[in-house]
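Hydrogens, waters and symmetry mates are skipped; everything else that's a heavy atom, side chains included, is used. Quick caveat: nothing in here was measured; it's all calculated off a predicted structure.
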Amino acid sequence: MEVVFGEPPSNGFGASEANGVGTQETQSMSQGSEERAGSLTHVGNTGDAQMVDVSPKVITNRTATASCKVMLGKTVFNLVSANQMAKGDVLSVAKIAGISGAKHTSSLIPLCHNIPLTHVRVDLKLNPDDFSVEIEGEAACSERTGVEMEAMTAVTIAGLTVYDMCKAGSKDIQISNVRLEHKTGGKSGDWFRGK
């Protein structure tokens, strides 16, 4: 099983004396994984994809904020700002879609942990300078792993929803600059883009 699914959990579950993989060896492999800080944590010793075992980590309060931009073009921008799109209120529907997306991150991204979120915020703002929708999303939890993927999923799903609701007006709409802006909590501490 280890060859197919990566390393066994550090508690020795799945290891047996019969195959020569005991609890002591399993703990040694887990510690080796921790020492590879900065390496790709979703890649096992043999190069196969694996879900990270977060059970040894400490539960901390964690937040993440992400952003993206949807370039609408002048015609569609004017329709959205006047709330005249045929499918309805673009910004309100996209906001709810982004929140829902954050809650479904582990279903969409195979190696993400299912995290009980304590808060999700999605804000959409029309920018008349470049005829875009600026989207910011934030996710929070008290857990053993961070919520960066939930924040980025929130803004991506909100952006895709804007596209879906506006595509009748233009096929030239672009979603760009999906990125993490900052995160707090966990062993690596706080991180801010540009600092």
K.L.:
Do Thr65 and Glu181 pair up side chain to side chain, a donor and an acceptor below 3.5 Å, judged on atom types alone?
P.N.:
no
K.L.:
Mind running side-chain contact (heavy atoms from CB on, under 4.5 Å) on Ser67 and Arg179 for me, showing each step along the way?
P.N.:
CA-CA 6 Å; Ser67 66; Arg179 62 190 197 176; 3.9 Å; yes
K.L.:
Donor-acceptor pair, Ser100 side chain versus Ile96 backbone, under 3.5 Å?
P.N.:
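The answer is no, because no donor-acceptor pair under 3.5 Å joins these two groups.
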K.L.:
Leu180 and Ala64: which non-hydrogen atoms are nearest, and at how many Å?
P.N.:
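Between these two residues, the closest heavy atoms are CD1-CB, 4.1 Å.
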K.L.:
Between the main-chain N or O of Thr153 and the side-chain N or O of Thr105, is there a donor-acceptor pair closer than 3.5 Å?
P.N.:
no
K.L.:
Could you state whether Met149 and Leu108 fall into the same hydrophobic cluster, counting links through intermediate Ile, Leu, Val, Met, Phe, Trp or Tyr residues with side-chain heavy atoms under 4.5 angstrom apart?
P.N.:
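Yes.
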K.L.:
Dump the intermediate steps for side-chain contact (heavy atoms from CB on, under 4.5 Å) on Val120 and Glu138, then the final yes or no.
P.N.:
CA-CA 6 Å; Val120 178; Glu138 179 183 54; over 6 Å; no
K.L.:
Distance from Arg62 atom CZ to Glu150 atom CD, nearest 0.5 Å?
P.N.:
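Going from CZ on Arg62 over to CD on Glu150, the span is 11.0 Å.
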K.L.:
For Lys183 and Ser188, which I'm curious about, is there any donor-acceptor pair between the side chains at under 3.5 Å?
P.N.:
yes
K.L.:
Check the side chains of Asn61 and Ser142 for a donor-acceptor pair under 3.5 angstrom, ignoring hydrogens and angles.
P.N.:
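Result is yes, a qualifying pair exists.
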K.L.:
Measure the CG-CZ distance between Asp129 and Phe77 for me, rounded to the nearest 0.5 Å.
P.N.:
8.5 Å
K.L.:
When you compare the side chain of Leu91 with that of Leu126, does any pair of heavy atoms fall below 4.5 Å?
P.N.:
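Sidechains of Leu91 and Leu126: in contact.
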K.L.:
Do side-chain atoms of Ser81 reach the backbone of Asn78 as a donor and acceptor pair under 3.5 angstrom?
P.N.:
yes
K.L.:
Using the salt bridge (charged side-chain N to carboxylate O under 4.0 Å, His left out) criterion, which residues pair with Asp123? Sequence neighbours excluded.
P.N.:
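Partners of Asp123 under the salt bridge (charged side-chain N to carboxylate O under 4.0 Å, His left out) test: Lys95, Arg121.
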K.L.:
How long is the span from the CG atom in Leu160 to the CD1 atom in Ile175, to the nearest 0.5 Å?
P.N.:
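Taking CG in Leu160 and CD1 in Ile175, the distance rounds to 4.0 Å.
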K.L.:
Using atom types as modelled and distance alone, determine if a side-chain donor or acceptor of Arg144 lies under 3.5 Å from a backbone N or O of Lys57.
P.N.:
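Yes: the side chain of Arg144 pairs with the backbone of Lys57.
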K.L.:
Heavy atoms only: give me the nearest Ser132-Met71 pair and the separation to one decimal.
P.N.:
CB-SD, 3.7 Å
K.L.:
Is the NZ or CZ atom of Lys195 both under 6.0 Å from the centre of the six-membered ring of Phe192 and within 45° of that ring's axis?
P.N.:
yes
K.L.:
Without swapping roles, check the side chain of Gln84 against the backbone of Ala82 for a donor-acceptor pair under 3.5 Å.
P.N.:
yes
